[in-house]
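What follows is one structure encoded as structure tokens, with my remarks underneath.
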Amino acid sequence: MKRHRALSKKAKIERKILAMLAFFSTSVGLWENFRQLWLQDNGFEATEVSMVTSLGLMLSVVGVIFVGYRLKVRHLKTFMTVVLGIKLIDLLVLRGLDATGNFGAMSVCTVIDIITSYLIVASVYPLITTIIKNNQIYSKRKLVEYWFRDIGVLIGGVVLGQSVLGNLIDYNACLMISVIFLCLAILVMSSFKVQVTEKEPPRGDSILKYVLKSKLQVCYMIYAFLAAMSFAAALGLKMLVLTNYLDFSASTATNYLLIVGLLSDVVGVLALKYFTPKNDYLTLILKFGIRLLAYVIAILADDPFVSMLAITWSILISTAYEDVTDGCYINLVDNRHQLSYSTVKHVMSFAGEAVGMLLCGAMYDLGVGFILGASAIITVVQLGMAFYLIHLRHHRRRARHSASRMRYDERMVED
């Protein structure tokens, strides 16, 4: 009976963490979709917006590394609550800076906004693992983030330009709605306590040593880099591709990406519940093999409609099967190392995304075929690494089973 109550309590905390993530992601999706336009309305040039955003991303990586190295798991919830509070204050300051012409303060607040978002995203799953840890919860956590980001974009798209009680909903109003959702995230975050039972890893126990001593984890980090690089190489400049090469208007491209993004969340949920094959190799073919085939067909066809179909499939399948492609490797990590390990994984993904974005920009002037071609080459290597990871994981499982069987046989002989 006590065990049943303990499990129920864990389930309640798990739901609260996911609810916090849902409110936070809605806030982020609502505001980040319009942040660049808000800066533009306040006198920022496109190059200045790009520089501020790039600085925020670079400092986010540094912040994630620092937190992962210095922060203890038992302090994780308190840290996240503080970061959410800082983000709330920062957004309120941004609202107060509107139309003041204070470019320096706006730039600093925007950088802080970006950093706090990345710190929360990087810290959520390590917090969840103090309660529950399995492949499905990893995929569920990612789906909640993706789903409610899209809901935030949808809310902004629906209310922007509308008149409520005689007041026009503009970018500032969207910012304040984002603040409301962030307040809800903070309230939920403050409503539960997390008791960490695992001991902290020894001070001299470096996470790099922890990763490097495992061939499987080294290969997974390479895979994470390639996966982010491949996706960004194809879709890093998707708005420009849709408007300049596929002749979408800006509004049509926005609506298209919103609809496909929401559908991808639905596909992710359905794949998790109903359409995950028992064979992991077949799962990878569904996720990456069909994507690669779609890219090749689009390159050979050299047709805008076929290219749009390839891009659509890539986005649709992007959130599916992460319990197989990522969760099973992340969950092999001891909870004592989960925060610092998550830091290394995020750094590899961010680095891959940055390289993929540069590659996409280099191929952009050559056409959609070259953009998809560059991504296809990386996808081949990524798919090979993913297959090898499954081989290593299955070999590890067989080795552990053989060792257990040997110990059982030895005990039988002794008896």
Side-chain angles (χ1 to χ4, degrees), residues 16-39 49 52-61 63-64 67 79-95 106 108-128 140-160 169 171-190 228 232 238-239 254 257-258 260-262 264-265 268 315 318-319 342 346 349-350 353:
K16 286 185 176 181
I17 294 174
L18 292 177
M20 180 279 299
L21 178 61
F23 287 129
F24 170 78
S25 298
T26 304
S27 172
V28 170
L30 177 59
W31 170 234
E32 285 190 356
N33 192 53
F34 299 114
R35 185 174 58 209
Q36 293 182 2
L37 297 176
W38 184 89
L39 289 171
V49 173
V52 170
T53 305
S54 298
L55 178 61
L57 291 172
M58 288 187 289
L59 291 179
S60 295
V61 173
V64 169
V67 169
F79 167 78
M80 292 178 66
T81 305
V82 171
V83 171
L84 287 171
I86 292 173
K87 186 176 182 66
L88 174 63
I89 295 171
D90 181 66
L91 291 182
L92 292 174
V93 172
L94 266 177
R95 175 63 185 89
M106 290 181 191
V108 171
C109 288
T110 301
V111 168
I112 293 173
D113 183 30
I114 295 170
I115 293 173
T116 50
S117 292
Y118 272 80
L119 289 177
I120 293 296
V121 168
S123 303
V124 167
Y125 190 65
L127 180 65
I128 293 176
K140 187 187 295 185
R141 164 256 182 272
K142 297 291 285 186
L143 287 170
V144 168
E145 179 188 346
Y146 297 148
W147 181 268
F148 283 93
R149 273 179 184 257
D150 288 338
I151 287 177
V153 174
L154 178 61
I155 292 173
V158 169
V159 303
L160 187 66
I169 303 294
Y171 299 141
N172 286 309
C174 289
L175 172 57
M176 295 312 297
I177 297 172
S178 175
V179 166
I180 292 172
F181 280 104
L182 190 58
C183 288
L184 293 174
I186 294 173
L187 288 175
V188 174
M189 192 72 170
S190 304
K238 53 184 178 288
M239 276 294 288
T254 300
L257 291 174
L258 175 61
V260 177
L262 290 171
S264 74
D265 298 332
I315 298 174
S318 61
T319 63
S342 179
H346 276 89
S349 295
F350 297 160
E353 185 178 353

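Values in this document were obtained by computation on a predicted structure and should not be read as measured data.
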Return the minimal non-hydrogen interatomic distance between [X] and [Y], and the atom names on each side.
X	Y	value
I120	M80	CD1-O, 3.6 Å
K16	V188	O-CG1, 3.1 Å
V93	C109	CG1-SG, 3.6 Å

For residues M189 and V83, determine if any side-chain heavy atom of one lies less than 4.5 Å from a side-chain heavy atom of the other.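 The answer is no, as the side chains (C-beta and beyond) never meet within the 4.5 Å cut-off.
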Under a 4.5 Å cut-off applied to non-hydrogen side-chain atoms, are N172 and W38 in contact?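 The answer is yes, as the side chains (C-beta and beyond) meet within the 4.5 Å cut-off.
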Taking atom [atom1] of [X] and atom [atom2] of [Y], what is their separation to the nearest 0.5 Å?
X	Y	atom1	atom2	answer
M176	L182	CE	CG	11.0 Å
I17	L127	CD1	CG	4.0 Å
S264	Y146	OG	OH	9.0 Å
C183	L92	SG	CG	7.0 Å
F24	T26	CZ	OG1	10.5 Å
I89	I112	CD1	CD1	10.0 Å

Yes or no on side chain to side chain contact (heavy atoms under 4.5 Å, CB included) for I151 and F181, after CA distance, side-chain angles and deciding distance? CA-CA 12 Å; I151 287 177; F181 280 104; over 6 Å; no
Excluding sequence neighbours, so at least two apart, what forms ring pair (Phe, Tyr, Trp, His ring centres under 6.0 Å) with F23?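 None.
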With I186, which residues qualify under side-chain contact (heavy atoms from CB on, under 4.5 Å), at least two apart?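 By the side-chain contact (heavy atoms from CB on, under 4.5 Å) rule, I186 matches L84, L88, S190.
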Listed partners of S25 passing side-chain contact (heavy atoms from CB on, under 4.5 Å), at least two apart: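 Result, side-chain contact (heavy atoms from CB on, under 4.5 Å) vs S25: L21, E145, F148, R149.
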After noting the C-alpha distance and the side-chain angles of T116 and D90, does the key distance pass the side chain to side chain contact (heavy atoms under 4.5 Å, CB included) rule? CA-CA 10 Å; T116 50; D90 181 66; 5.7 Å; no
For S178 and C174, indicate whether the former's side chain and the latter's backbone hold a donor-acceptor pair under 3.5 Å.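 Not confirmed, S178 side chain does not pair with C174 backbone.
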